[in-house]
Amino acid sequence: MTELSIILPFHNESVGLRNLFHRLYPVLGATGLSYEIICIDDGSTDSTFENLTHEREFDQRLKIVRFARNFGKEAALTCGLQMAKGKIAVTMDSDLQHPPEIIPDLIAKWREGFELVYATRLSRDTDGKLRQLFSRSFYAVFRTIADIKMPEGAGDFCLFDRKAIDAINAMPERNRFMKGLTAWVGFRQGTVPFTVEARESGTTHWNFFRLVRFAFDGLSAFSTLPLRIWTWWGAAVSFVAMAYAIYLIFDTIVFGIDVPGYASIMVGILFLGGLQLLSLGVIGEYMARIFTEVKARPLYFVADRVGFE
Ligand code: UDP
Ligand code: MG
């Protein structure tokens, strides 16, 4: 009977891997719980898989899944939660930005009766300035327009009770914005603040475009406002156009017809053209995601499975 499942996604983390286990084992030992460590090698091109296999020689409770290619962190976390046998599961980054020493605090909070415990980061200092700005704006927008409440600073460092694991596993969608799904399932949710550490080795896998896509994945999965907002824009623009038309009629009757109007026509055409393309683009974004959902492809393919019965 496994009590605690640790879920770790790896993408080209061979260098920091030894250090991670070096810090993780004492913490897990001290909890006194029976545990398993589920490592998902998300299509690494370095020696991550070999190093994980090597780690397994010291501890058979380490289990390894190797993905057929890079399917992304969300797919890796989904896989981990599906494979987890524990009464509770903890998901965390494998680059040591999420300190393992916080795990006992998460468990303590769970013992208080919380079924979902987020480790929330106190600051974003370890991220670049531009990324901090981007994250902040995204979460500000998300909080205003999405239908769920995500705690400030919550990420993928999280403890799940079995009830929450089963709930998340029961959600069939392809677009897996994990933070959103986690907040959406409900249950008693608690937080434990922690200080993010600098990345142990290597660099972040996120560039600007990946972040933008991730942001829109999140927004579109939990809000339909970007789709609906155009109704209001359309109504507002039509209203202004109508008022302008009335003004033009009177103007023509009183002062007669004169030629000018080039500038206002250009502005009108460009503005409305831009607005139409933008709204079409948003519809396209949603449609592309509907397309992905309808195809219903598996979220990931497993190439190797080590240590599972
Ligand atoms: N990761 C992954 N698949 C990916 C990208 C990242 O499994 O396609 C893992 C990575 O190994 C790390 C975690 O997800 O353990 C967080 O990634 P990263 O440190 O690049 O993100 P950041 O901390 O900058 O948000
Ligand atoms: Mg990181």
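The figures here come from the full heavy-atom set of this structure, side chains too, leaving out hydrogens, waters and symmetry mates. Atoms within a ligand are numbered from 1 in the order they appear, just like the ligands themselves. Small disclaimer: the values here were computed from a predicted structure and weren't measured.
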With 2.8 Å as the limit, jot down which protein N, O or S atoms are around the Mg ion (ligand 2). D95 OD2, Q97 OE1
What residue and atom, counting heavy atoms only, is the protein's closest point to atom 18 (P) of ligand 1, and at what distance? R199 NH2, 3.5 Å
Tell me, which protein residue and heavy-atom name are nearest atom 14 (O) of ligand 1, and how many Å apart are they? K73 CD, 3.3 Å
Value for CG (L17) from OG (S94), rounded to nearest 0.5 Å, stands at 7.5 Å
In terms of residue, atom name and distance, what is the protein heavy atom nearest to atom 17 (O) of ligand 1? H205 ND1, 3.8 Å
Quick one: do D105 and K109 make a salt bridge, cutoff under 4.0 Å? no
When F177 is tested against each of W184, F214, F216 for ring pair (Phe, Tyr, Trp, His ring centres under 6.0 Å), which residue passes? F214
What atoms in ligand 1 come closer than 4.0 Å to a heavy atom of D93? 13 (C), 15 (O), 16 (C), 23 (O)
Can we say R289 and E293 salt-bridge, meaning some charged N sits less than 4.0 Å from an Asp/Glu carboxylate O? no
Separation between CD1 of I107 and CG of L33, rounded to the nearest 0.5 Å: 5.0 Å
Enumerate the atoms of ligand 1 whose separation from the nearest heavy atom of G72 is less than 4.0 angstrom. 3 (N), 8 (O)
Top protein contact for atom 19 (O) of ligand 1, by heavy-atom distance: D95 OD2, 2.6 Å
N70: numbered ligand 1 atoms lying under 4.0 Å from its heavy atoms: 3 (N), 4 (C), 8 (O)
Counting non-hydrogen protein atoms only, what is the nearest one to atom 24 (O) of ligand 1? Give residue, atom name and distance. T204 OG1, 2.6 Å
Rounded to the nearest 0.5 Å, how far does OG1 of T2 lie from NZ of K87? 10.0 Å
Nearest-option assignment for atom 25 (O) of ligand 1, heavy atoms, candidates R131, Q97, E74, R210: R131
Quick test: of every protein heavy atom, which one is nearest to atom 1 (N) of ligand 1, and how far off is it to 0.1 Å? H11 CB, 3.8 Å
Going by atom type alone, with no hydrogens or angles, which donor-acceptor pairs under 3.5 Å involve a side-chain atom of residues 274-281 and a protein atom two or more places apart or on another chain?
{"from": "S279", "atom 1": "OG", "to": "L275", "atom 2": "O", "distance (Å)": "3.1"}
{"from": "S279", "atom 1": "OG", "to": "Q276", "atom 2": "O", "distance (Å)": "2.9"}

Give a yes-or-no answer on whether the side chains of Q82 and Y300 include a donor-acceptor pair shorter than 3.5 Å. yes
For atom 3 (N) of ligand 1, what's the nearest protein heavy-atom neighbour? Residue, atom name and distance, please. D42 OD2, 2.6 Å
In this structure, CG of L52 is separated from CD1 of I37 (nearest 0.5 Å) by 10.0 Å
Mind checking the CG-OG spacing from L225 to S220? Nearest 0.5 Å is all I need. 12.5 Å
At what distance is the nearest protein heavy atom to atom 10 (C) of ligand 1, and which residue and atom is it? E13 OE2, 3.2 Å
Sidechain N-carboxylate O distance under 4.0 Å for E55, R18: yes
Looking only at distances, can you tell me whether any N or O atom of A76, backbone or side chain, sits closer than 3.5 Å to an N or O atom of ligand 1? no
State whether E36 and K85 are salt-bridged, where the test is any N-O pair (Lys NZ or Arg NE/NH1/NH2 against Asp/Glu carboxylate O) under 4.0 Å. no
